[in-house]
Each structure stands twice: as C-alpha cells, then as structure tokens.
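Here is the structure we will look at.
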Amino acid sequence: VAEVAAGLPWYPGQAVPDGPELSAAEIRELLDGVDDGQRELLTRLVEGSPVGRTRDALPGTDPGRPVQRLLADGLLHRIPSDTADTVILPRTVAQVLRGDLPGPTGESNQLCLEGRGVFLCISPWNFPLAIFTGQTAAALVAGNAVIAKPALQTPLVAAKATELFHRAGVPVDVLHLLPGEGAKLGERLLPDPRIAGVAFTGSSATAKIIQRQLARRPGAIVPLIAETGGQNVMLVDSTALPEQVVDDVISSAFLSAGQRCSALRVLFIQDDIADDLLTTLTGALQTLKVGNPASLATDIGPVIDGRARDTLIAHIERISREGTLLGSLKTEQIPSRGYFVAPHLVEIDSLAQLPEEVFGPILHVIRYRAADIDRVLAQINDSGFGLTLGIQSRLKRFADYVFSHTRVGNTYINRNMVGAVVGSNPFGGCGLSGTGPKAGGPLYLMAFATEKTRTENTTARGGNTALFSLPDD
C-alpha cells in the first residue's frame, strides 16, 4: 500500500500542488511529443499524478519539457483570463470535469472532482478481463492509484491486462497487480488507513464481509462500490411468443454455463401456457451440447472448478427431491473429464426454496396464475435480490406494471437477460445485488472521486470583468 500511495500526487496528510500555467502554443508543442495511439489510449486510461516539473515525462516525450505525463488535449482546462489562450493543467485527470456553477454577480462558483487516494479493485473470475479492466480504468481515470486484486482462478488474464495498461502509459507506481487468496489479502489491505475506496464484484456474502471490515476502521468512512449476485427471474405471461421465449430462456440460463451475474435462475410461467411452453423448452434443452468451449459446436462449457461443480451437483440432488426434474442431458452426453455440469430444468413451488443464488446451468420453473401476479412480485421483492429481471409479454401495460412494482436494477423486456452493453445497458443491482452506481453508466466514475466546490467573492479583486462584455440590449 505504501508503494502505491507513493505513486499518488497526494494522499491525506500531503499538500496538493497546483499545476503550471501554459500558453496554447506551449501546449501544442508538448502534445507533438505524444503519438496518436498514446493520445487515444491515455484519454481513457490515465493516472492521478499532478502535472508538474518534478517527475518523468510520458514515454515518447522529452523529459526536459516542463510538464510531465501529459495525457491528452481533452485533459486541459481553460480558465477565465486576460490572456485568451491561457490554460491550466489540472492536478488530476478528474479535474477535467470541473464546471462553473451559477451564482450572483460578483461571485464565482466552481465544482470539481478529485481522486480519493488508493482504490482496491477486486474483480471476479467469470469476466476476468472486462470487469477487471472496467474497475481499474474507472479508478485510474478518476484520479486514484489502484491495487488490482483479480480472482484466485484468473491471475494470468489480469497480469496481461496490467501489462497493457503499463504499456499504454499508466505508470507502474500508480497501478499495482496483487494476485492471491482473497481472505488473506483482505485481512491485510482492508484495515489499512491508506485504502480510500473499494470496488468489488462477487458474491453478496463476500461484499458483506468487506463492508464489515471497512466499518470497523477508525477515521474516514470508506466507500464500497459493490456489484453482487442475484436470484434473477423472468416472467412469462400468456401473450408471449413461445419461440422467442424459448430462445431467450436458453441463452439467458445456459450461456457461459450459467456463470454470469445476470443469468436467469427462476422462470415464472403463467399456468395457461405452461404445459406447452415447457414441452418446447425441454426439447430445446436436449439439443444443447456440453463440451470444450474452443469448439464452435459447443453450447455449454465447464464450470470454473471442482468446488463449483460439486456445489452444483449437490443442489441438483436436493432440488430434484423437493421439486420435479423436467429435463436434463444423459450422462453419456457429458464429458467424463473436466468440470462439466449438465443443464437442468427443475419445477419448484416457491422462491423460498432458493435461499441463495445457484451459480450454474440450472433453471428453476414456477407456475403462476394471472390473478396472483402481485403475490409473485412480492416474492421477487422479498428475496432481497435485485439484479436482473426478464419480462416476456406483448402487453405494454403488463410490462409497465411489473417494472414499476419490482426493485430490480436491470429489466429486459422481450429479449434475453444477459450481455449488457456499456453505454446502452448500464449494469448493477440493488439490495443484496449491489450498491450502485451502475458499471458502464454515466454516474459510475463519480463514485471513484470526491467533490469539491470553490466559492469566491470576485469583487474583492476588482469585480466581475464579464459585465464589461454584456451586449447593449
């Protein structure tokens, strides 16, 4: 932690220096030393060092130039000045977000964002590159140093990603990779007062452990950005298109062997159409092929490890006794070597039979009557989870009603429930499914920064010069 903190421009207890003022001509000269590839990458993947004269320049720039680690044109912030082409370089990348706020004449008000300090980013194994990169880049671009802790099962992917961050220009003293066992590392890192924030994606149980450890720390309240699991449900009413339902259910429940946070776990089917739909769904399940994911013919690959396989098999045995097994694959259809689990379709009576998330290719089915829809929605809300929800219906009023009466982060209507796209489908839940803000959404970066406002009485140094430029009318 000390090494990472040393890579910051500041952390609590240190003074924060101002950046130098430069003319537009000087800025253009400096930017000539950064190639197009670095400029494009570093606009997104940047570090929190102050802009000053005391540290090394970016790769490809002249170390003798007065501004170190110049990142991109968009990182320059223009300030009111008697000289129109004067700009000031922000202390951190996040200060690019500085904005002027309204106020009475004779008073200036500004809002800016600054990094919090050292962020601990803990990513899962099921998206070892996407989530690792998303957490890390968000923390960096908001002006923080980062300790990136990947899942125990996927350190090599994280190591390659970290190498690419460093090659793109992120300094090695600002981004540190720290693989290892989560519990042991957490015992050392979470109590450390220099950890100023934690971003975590994983189970609800682990998120609560992290939350309790942070709460026991004296001093400042430490933010936790958590995206956790879900007991994800899809509701199908009698107006839904059967072929579309089957296609969306298969992809939502069984792609990636059901090892997505957003994967479908429980399918509620209106009893009027349940028999026919389940017959079609069971037939579709029989066409799935389990095997090596490197083969284009494979639909379902292995689960992550032996422990996960054993947990899933134990659940299948229990829930098949409590409910009714509707469909699966034969033993000879499953590879004998490897951590493979056959897809299963099991009918149960209530969500109460599933006290926790089942992270694998097992789909539970519950029938419901149209008159009981409020009771179904209450079950969903009472579960405490709120990550993803699917609705299959051609009635807009039904979709609107379900959406407005459920506490769920991501609702998908007449489509599958997986594959959230950054910018289009910001992802994250509520309740036992996470704290927000949503990853890939417009509010995500704000959680990694702290807000500062500056209010100044400008009349004390000559008044508001902008009044001289007001039009006559």
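Values below: every heavy atom of this structure, side chains too, minus hydrogens, waters and symmetry copies.
For the side-chain contact (heavy atoms from CB on, under 4.5 Å) with Phe165, the qualifying choice from Val146, Leu175, Val174, Val172 is Leu175, the only one to do so. Here the options are Met417, Arg265, Met234, the test is side-chain contact (heavy atoms from CB on, under 4.5 Å), and the partner is Thr388; only Met417 passes.
Relative orientation of the Phe359 and Trp125 rings is perpendicular, given thresholds of 30° and 60° on the angle between their planes.
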Determine whether Asp382 and Arg375 satisfy the following criterion, salt bridge (Lys or Arg N to Asp or Glu O under 4.0 Å), listing intermediate values before the conclusion.
CA-CA 10 Å; Asp382 290 346; Arg375 194 175 305 168; over 6 Å; no

Step by step, work out the side chain to side chain donor-acceptor pair (under 3.5 Å) result for Thr282 and Thr279.
CA-CA 5 Å; Thr282 303; Thr279 298; over 6 Å; no

Show the numbers, then the answer: is there a salt bridge (Lys or Arg N to Asp or Glu O under 4.0 Å) between Arg397 and Asp400?
CA-CA 5 Å; Arg397 67 176 181 272; Asp400 291 346; over 6 Å; no

What do the steps show when you test Glu317 against Arg321 for salt bridge (Lys or Arg N to Asp or Glu O under 4.0 Å), and what is the final call?
CA-CA 6 Å; Glu317 292 173 352; Arg321 290 193 301 269; 5.0 Å; no

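With ring centers used as reference points, His364 lies 6.0 Å or more from His344.
Contact check for Leu389 versus Asn410: no side-chain heavy atoms found under the 4.5 Å cut-off. With contacts defined as side-chain heavy-atom distances shorter than 4.5 Å, the pair Ile147/Cys121 does not qualify. Side-chain contact between Arg307 and Asp305: present, with at least one pair of heavy atoms (C-beta onward) separated by less than 4.5 Å.
A salt bridge links Lys160 with Glu163; the closest basic N to acidic carboxylate O contact falls under 4.0 Å. A salt bridge does not link Lys438 to Glu227: none of the charged side-chain nitrogens sits closer than 4.0 Å to a carboxylate oxygen.
Side-chain polar atoms of Asp374 and Tyr401 form a donor-acceptor pair below 3.5 angstrom. Between Asp272 and Ser238, the side chains place no donor N or O within less than 3.5 Å of an acceptor N or O (distance only, hydrogens not considered). One side chain, Thr201 or Gln135, offers a donor N or O that lies under 3.5 Å from an acceptor on the other. For the 3.5 Å distance criterion, the side chains of Ser393 and Thr239 qualify, holding a donor opposite an acceptor.
Contact detail for Arg318 and Glu322: the closest heavy-atom pair is NH1-OE2, 2.8 Å. Summarising the geometry of Val233 relative to Ile380, their closest heavy-atom pair is CG1-CD1, 3.9 Å, with the distance given to 0.1 Å. Closest non-hydrogen pair, Ile273 versus Asp237, comes out as CD1-O, 3.3 Å.
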